[in-house]
Amino acid sequence: MVKNYDFVFEVEDIKTTNDGANGYVKATLIVKEDDKEYKQCLALTLDTYIRSDGTFYQETPEQLQMRVFVKLVANITGFGFHL
């Protein structure tokens with residue numbers, strides 16, 4: 001059985017710095033299912049990755065917003081547990 005979900009994704013706050021070390025994205029996901037409403041908040045910090053050639057790559061706030069959204073959907077729907 002497939003359930004219908006109505007998602008509302010709100011980005012509450014974005015903080016960035018020049019070096020990216022203290023940047024973060026804080027967001028809320030509200031899911032409405034029938035007559036129930038679930039709300040979950042999450043804040044993640046910007047990450048720095050090392051490429052295969054040894055150079056550093058800084059995550060952008062837009063990329064972090066996508067990562068926050070995916071984690072919130074996985075947490076609230078339980079989809080991550082089924083993988």
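- Contacts of Gln63 classified as side chain to side chain contact (heavy atoms under 4.5 Å, CB included), with partners at least two apart in sequence or in another chain: Tyr57, Glu59, Thr60, Met66.
- Checked against side-chain hydrogen bond (donor to acceptor under 3.5 Å, both in side chains), Ser52 has no partners two or more places apart in sequence or in another chain.
- We find the CD-CD1 distance between Glu62 and Ile14 to be 7.0 Å, quoted to the nearest 0.5 Å.
- Summarising the geometry, atom CG belonging to Leu64 is positioned 5.0 Å from atom CG belonging to Leu46; distances are rounded to the nearest 0.5 Å.
- For the pair Val68/Phe9, a side-chain contact is recorded, criterion being any heavy-atom separation below 4.5 Å from C-beta on.
- Remark: Ile50 CD1 to Phe56 CZ distance equals 4.5 Å, nearest 0.5 Å.
- For Lys26, the side chain to side chain contact (heavy atoms under 4.5 Å, CB included) partners two or more places apart in sequence, or in a different chain, are Glu12, Asp13, Tyr24, Ala43.
- Linking ILVMFWY side-chain heavy atoms closer than 4.5 Å, directly or via other members, places Tyr38 and Leu29 in a single hydrophobic cluster.
- By the criterion of side-chain heavy atoms lying less than 4.5 angstrom apart, applied directly or through intervening Ile, Leu, Val, Met, Phe, Trp or Tyr residues, Phe69 is not grouped with Ile30; the two fall into different hydrophobic clusters.
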